[in-house]
Structure formats: C-alpha cells, structure tokens
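Proteins come first, then strands; the chains are lettered A, B, ... in the order of their sequence lines, and each starts at number 1.
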2 protein chains.
Amino acid sequence: MTLEQLAIFAEVAERQHLTQAADALALTPSAVSAAVRRLEEAYGVPLFDRIGRGISLTAAGRIFLEEVRPMLARARAAERLLGELGGLQRGEISVFASQTVASYWLPPVLMRFHAEYPGIRLSLTIGNTATVAEAVAEGAAEMGFVEGEIADPALRIDSLVDDELMIVVGPDHAFAGRHDISADDLVGKTAWVLREPGSGTRSEFEHALARKGVDPERLEIALELPSNEAVLSAARSGLCATAVSGHVAAPHLTTGNLVRVDIALPSRTFRLLRHRDRNLGRAAQKLAEFSLSVAASDPRADLPVCR
Amino acid sequence: MTLEQLAIFAEVAERQHLTQAADALALTPSAVSAAVRRLEEAYGVPLFDRIGRGISLTAAGRIFLEEVRPMLARARAAERLLGELGGLQRGEISVFASQTVASYWLPPVLMRFHAEYPGIRLSLTIGNTATVAEAVAEGAAEMGFVEGEIADPALRIDSLVDDELMIVVGPDHAFAGRHDISADDLVGKTAWVLREPGSGTRSEFEHALARKGVDPERLEIALELPSNEAVLSAARSGLCATAVSGHVAAPHLTTGNLVRVDIALPSRTFRLLRHRDRNLGRAAQKLAEFSLSVAASDPRADLPVCR
DNA sequence: TAACTTTACGTCGTTCGTAACAATT
DNA sequence: AATTGTTACGAACGACGTAAAGTTA
C-alpha cells in the first residue's frame with residue numbers, strides 16, 4: 001500500500017470519474033486504472049464497480065475512503081512539516097547556558113531571534129559550565145553558552161563577548177567617585193555583600209583578589225545572598241560593596257543607581273559551545289550565527305558604562 | 001515521501017541503530033541507509049547526525065518522528081481495514097426492502113446473518129417496490145427485497161419464497177371453521193377492515209377479488225387502517241374480516257387468535273434484487289446467498305399453518 | 001460516433017542486495 | 001580486529017506512457 005496509490009484512489013473515488021482524476025493527478029488514465037487495480041488486487045477487495053463505461057465506489061470502497069481521507073491529510077501535514085523543518089518556519093532549539101549568560105546576555109539575543117523566526121520554539125535550560133558542556137556533547141542541547149574556560153575535544157568553541165567582573169557600590173558609598181582605591185582598601189574600608197560560595201561570580205571574585213595579593217578571607221562579609229539582583233539591592237543602600245558581572249551591573253550603572261569602583265579585575269569571556277560533528281538544523285545554525293554576529297557587532301554594546 | 005521511507009526512518013530513529021533497524025525490517029543496512037538518505041535529500045533536512053560510527057536523531061528528526069509515528073499507526077489501521085473488508089470481518093451492507101418482507105420475512109434472516117458475522121453492519125431501509133428497485137439499480141443498496149413483479153434490465157432477480165394473501169377472521173366470526181365460503185359471500189355477509197388504499201396488500205387484494213368476479217367496491221369496509229398489526233387487532237374482535245400477507249398472519253394463526261378463511265387468493269413471491277453488473281462485496285454476497293438458502297430450505301417454513 | 005475504461009507492451013526510474021570501503025572503538 | 005555506516009554497481013521490480021481494444025450511451 002503506497003501513499004500514491006491511496007492518493008489516486010481518493011481522487012478517483014471523490015470524482016467518481018477515472019479520466020478526470022487522471023487529469024487532476026497529471027497522469028494518464030492508464031496509470032490511474034493500473035494503480036487502482038493494484039490496490040484492489042493486493043488486498044482482494046473490489047473498491048470500484050466497473051459499471052457500463054463508468055466506475056462507482058463499492059460499499060467497501062466507501063468505507064475505505066473514510067479511512068484514507070484523514071490519512072492523506074496527515075501525510076500532507078507531515079510532508080509540509082518536513083519542508084518547514086528544512087526552512088526556518090518551524091522547529092525547536094534546545095539551548096543550555098550557565099547562570100550569568102543565561103540571565104543577562106542571552107535573553108535579548110533569544111528575543112531578537114524569536115522576533116525574526118516566531119515559528120521556532122526556544123527552550124533555555126540553566127546549568128553550570130560542566131552541565132552545559134555535557135548537554136551539548138550528548139546532543140541534549142543544540143548549543144550552549146558558558147562563561148569562562150572549557151576544554152572538550154568534542155566541542156567547537158567560539159568566543160562571544162568579554163565580561164568584566166566589577167566591584168560596584170551605591171552612589172553614597174565612600175568609594176563612589178574616587179579613583180584612588182587600591183586593592184588593599186578592599187579589606188577593612190568597606191563591608192561586603194557577595195553571592196554565595198559556590199557561585200561562579202563568588203569564586204571568580206575570590207580568585208581575582210588572590211591574584212591581586214588580597215586574602216579573600218579577610219573581607220568583611222556582611223551578607224551572602226543567592227542572586228545577583230539581591231546583592232545589587234544591598235549595594236544600592238550605600239552601606240556595602242559587592243562584585244558582579246559587568247552584564248549584571250550595566251543597567252544599574254546607566255541609571256546611576258550604582259557606581260563602579262575603579263579597580264580592574266580580570267575579565268572572562270562568554271563562549272558559544274557547539275558539537276564538533278553534530279549538524280545543527282538550519283534554525284539552530286541561524287541562532288548560532290545570530291549570537292556570533294550580535295557579539296561581533298560590539299563586544300561592549302551591552303556594557304555602555306563599564307569603563 | 002513513501003510510507004516505506006517513513007517506516008524505515010521510524011525504525012532507525014527508535015533504535016538509534018541503523019543495522020538493527022535493517023534486521024528488524026528484513027533489509028540490508030545499505031538499503032536502509034539509502035532510504036534515509038533519500039528522505040533527507042528530498043526535503044533538504046538532515047534527520048540524523050552521523051556521529052562516529054553511529055547515528056543519532058537531529059532536532060528536526062525528533063520533531064518529525066513525532067509526526068511520523070501516529071501516521072504509520074493510521075496507515076497500518078487502514079491496511080488492516082482493507083484486509084478486513086475483503087474478508088467478512090468488517091463492512092456495511094445497505095438493504096432496501098418493501099413493507100411486508102422488511103417487516104416479517106427479512107428480520108429473522110438478517111438476525112441470523114448478524115449472529116454469524118457480527119462485524120458486518122446491516123442497515124435496512126423500507127420503501128415501496130419502485131423505491132427499492134431504484135436503490136439497487138443506483139447502487140444505494142447492495143440488494144433489495146420486494147414482493148411481486150418487477151422488471152428492470154439492470155436488475156438480477158431471484159425468487160425467494162411464496163407469500164399467500166389470505167383472508168383471516170377472529171375465531172368468533174361467522175366464517176370461522178366453515179369450508180363452504182364462496183367468493184360471493186365476501187360481499188354482504190361480513191364487514192371488512194383493510195389496509196389503506198395505496199398499500200401493496202390492499203391493491204393486491206382488490207385485484208384478486210376482481211379476478212374472482214367480485215367488485216371490490218361492493219365490500220362493506222368498516223375501517224381502513226395503516227398497519228398490518230392494526231387490521232389484525234381489529235379482526236381479532238370477530239366483528240370483521242381482513243386480508244393480509246400469510247407471513248403477517250402466520251404467528252396469529254398458530255396461536256388461534258385468528259382463523260384463516262378457506263378461499264384461495266393468488267399468491268405472490270418475495271424476490272431478491274441485485275444489480276446485474278455491480279459486484280457485491282464478499283459480505284453482501286454472503287447475505288444474498290444466505291437469503292436464498294433460507295428461502296430454499298423450506299419456502300413454507302415461516303408459514304406453518306397457512307394451508 | 002464519442003466517451004470512458006482497460007489491456008498490452010516497451011521504457012524508465014527506483015530500490016534492492018552484494019561487495020568493497022571508510023571510520024570508529 | 002570487530003562493529004557500524006556508506007558507496008558503487010548490477011539486477012529485479014514497479015510504475016508510467018503510448019497505442020490499441022473493448023464497452024457503453
């Protein structure tokens with residue numbers, strides 16, 4: 001039983017006229033006749049009565065037609081879907097990303113992509129760097145976004161934008177506006193509100209301090225909070241300093257709610273992870289290009305006041 | 001896009017293993033590989049990633065698989081249906097029949113058929129002789145049952161059983177038990193309750209009387225009733241006579257509720273109508289044979305006391 | 001005669017299997 | 001070395017079109 005046979009059968013059955021059906025199908029009456037006969041003989045069921053010089057459905061044919069019609073509809077739907085999957089009209093992309101990039105840099109990229117290709121469903125899963133890399137390697141994610149270093153031979157890695165870890169304070173804080181803050185001032189001269197231990201931001205900050213010769217243990221930590229927005233709210237009070245990703249701080253710096261402290265911390269890079277061998281669908285490929293071009297257009301576009 | 005291609009795709013997709021899928025499909029890996037490739041190239045959509053020495057679904061492939069699975073299920077259902085339509089497990093037979101045969105002789109035949117082939121749906125439509133013949137000629141009915149003569153070159157006609165028109169009265173009626181009733185006695189010696197003008201029974205009765213030299217107009221008609229059971233109920237009172245088909249009267253004669261008057265009226269024949277050229281499905285053909293054999297087994301089987 | 005379906009037959013394209021090949025574990 | 005997927009190629013099969021035949025209105 002072939003889809004073509006069924007389509008031919010349906011066409012003939014609905015027109016009750018073999019020649020007209022043949023025209024509609026762009027076939028010769030001979031081919032149509034043969035196709036119907038094959039279908040009938042394969043199952044031993046007469047579907048049409050050859051009556052006089054015409055043909056008309058048998059009872060079995062009528063019943064079968066009821067089954068065939070919705071089936072052809074499904075087939076056409078599947079065919080259309082397959083075509084759309086090749087184009088950019090339909091699809092589903094699974095993206096894994098680590099905390100910061102998922103929360104700050106990525107959303108506007110995804111939204112812009114969605115605006116351009118509304119038929120593509122995007123699903124974003126947040127995980128740590130290892131989780132993201134594993135998902136991409138296994139194929140659970142089409143692509144991943146992480147901050148920081150990663151090394152996996154199965155992965156193809158592209159740098160996107162630089163992210164600066166920065167120290168911010170409220171405008172009323174003693175550090176605000178000053179350009180002579182040294183690393184040593186970070187201990188004793190201010191209280192700190194930081195992300196919780198285990199978070200990427202916290203560990204990066206501590207490593208950065210250590211590289212500057214400051215023992216993180218000596219910081220006066222007033223509070224540990226489990227979200228970026230929480231520590232920023234605390235800093236806004238002017239009673240403490242905090243350290244966050246530049247992408248996190250950016251919107252607050254532009255409004256003047258927060259002020260950056262003029263101490264350089266090492267920057268890290270957002271990276272795009274793709275599988276080395278696995279082919280991306282056209283949609284996913286487009287999203288990857290999208291991310292790369294957004295990143296390339298201006299690595300600092302989202303950090304207008306970070307200098 | 002072929003059903004076979006889809007089946008192959010689904011098999012490979014579900015096993016994530018081309019060779020195993022090939023075994024399951026009784027094909028060579030080569031054929032399976034080629035089939036998948038054809039499907040992919042026809043629509044320009046990579047459905048599998050060839051990764052290492054294995055293959056795994058792409059995102060597009062996963063989505064497509066969700067569409068393909070229910071579709072293959074439908075296809076298999078249609079295929080099964082087609083097979084069953086050829087056998088006697090499924091089907092639908094439309095039968096047209098005229099009043100008397102539809103109401104009395106046919107039902108037990110249909111019930112016996114149904115008991116043997118419960119998967120076959122029977123639909124019975126009642127009409128007059130002309131309606132029935134037309135339905136069969138047009139194909140609206142697989143077969144028809146009528147009483148009396150019919151002539152249509154498109155129809156194949158078989159005689160089934162004889163039906164006697166008979167005069168019946170209640171046991172208290174003056175005619176009951178008498179064997180010396182003549183045709184002339186039918187006028188003036190009893191009141192009549194008859195089926196309405198236009199019914200087959202009424203017109204046949206009047207023609208029969210006319211052939212016996214009795215003017216139907218002279219009958220003392222007390223009441224005209226539109227159903228066989230109604231006239232029989234009236235006759236049971238003993239106050240009138242009536243004329244009905246032997247098949248209609250039979251059950252009442254056996255119980256003694258009614259008595260037949262010993263006057264011979266011409267008999268008519270129940271006939272089976274089939275289209276001369278149109279092929280019956282196996283089920284319908286079986287039903288026709290069924291009717292013929294029931295009729296042949298004993299033409300009087302349903303008329304035990306009609307003599 | 002005209003309309004319609006079917007049969008006969010040659011041709012072309014598709015799909016299959018065998019066998020060799022390439023790549024991975 | 002064994003497993004797995006792919007390519008090359010020849011053979012079998014199926015479907016199509018042309019042309020002719022059979023049937024009916």
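Considering CZ of A/R53 and CG of A/L18, their distance stands at 14.0 Å, rounded to 0.5 Å. We find the CD-CE distance between A/E79 and B/M71 to be 8.5 Å, quoted to the nearest 0.5 Å. Residue A/R50 holds its CZ atom at 6.5 Å from OG of A/S33, rounded to the nearest 0.5 Å. With rounding to the nearest 0.5 Å, the separation of CG in B/L72 from CD in B/E11 is 10.0 Å. In this structure, B/E134 CD and B/T129 OG1 are separated by 12.5 Å, a value rounded to the nearest 0.5 Å.
We find that CD of A/E41 is positioned 15 Å from C1' of D/dA15, with the value rounded to whole Å. We find that CG of A/L47 is positioned 16 Å from P of C/dT5, with the value rounded to whole Å. Rounded to a whole Å, the CZ atom of A/R15 is 12 Å from the P atom of C/dT5. Regarding A/D49, its CG atom lies at a distance of 14 Å from the P atom of D/dT24, rounded to whole Å. Rounding to whole angstrom units, CZ of residue A/R50 and P of C/dT7 are separated by 8 Å. Following rounding to the nearest Å, A/Q20 (CD) and C/dA3 (C1') show an atom-to-atom distance of 11 Å. We find that CG of A/D23 is positioned 11 Å from P of D/dG17, with the value rounded to whole Å. Taking atom NE2 of residue A/H17 and atom C1' of nucleotide C/dC4, one finds them 7 Å apart after rounding to whole Å.
Rotation axes derived from the C1' atoms of the five outermost pairs at either end of the helix from C/dT1-D/dA25 to C/dT25-D/dA1 lie 20° apart, to the nearest 10°.
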Protein-proximity profile, nucleotides 13-25 of chain C, B/S/- by nucleotide at the 4.0 Å heavy-atom cutoff, equals --SSBB-----BS
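Formation of a donor-acceptor pair under 3.5 Å by the A/T19 side chain with backbone atoms of A/P29 is not found in this model. B/E40 contributes no side-chain N or O that, together with a main-chain N or O of B/P46, makes up a donor-acceptor pair within less than 3.5 Å. In terms of modelled atom types and a separation under 3.5 Å, the side chain of B/T58 and the main chain of B/L47 share a donor-acceptor contact.
Put simply, A/T19 has a side-chain N or O that comes within less than 4.0 Å of OP1 or OP2 on C/dT5. B/R37 has a side-chain polar atom (N or O) that falls below the 4.0 Å cut-off from OP1 or OP2 of D/dT7.
Here the options are B/D162, B/L160, B/D163, B/I157, the test is side-chain contact (heavy atoms from CB on, under 4.5 Å), and the partner is B/T269; only B/D162 passes.
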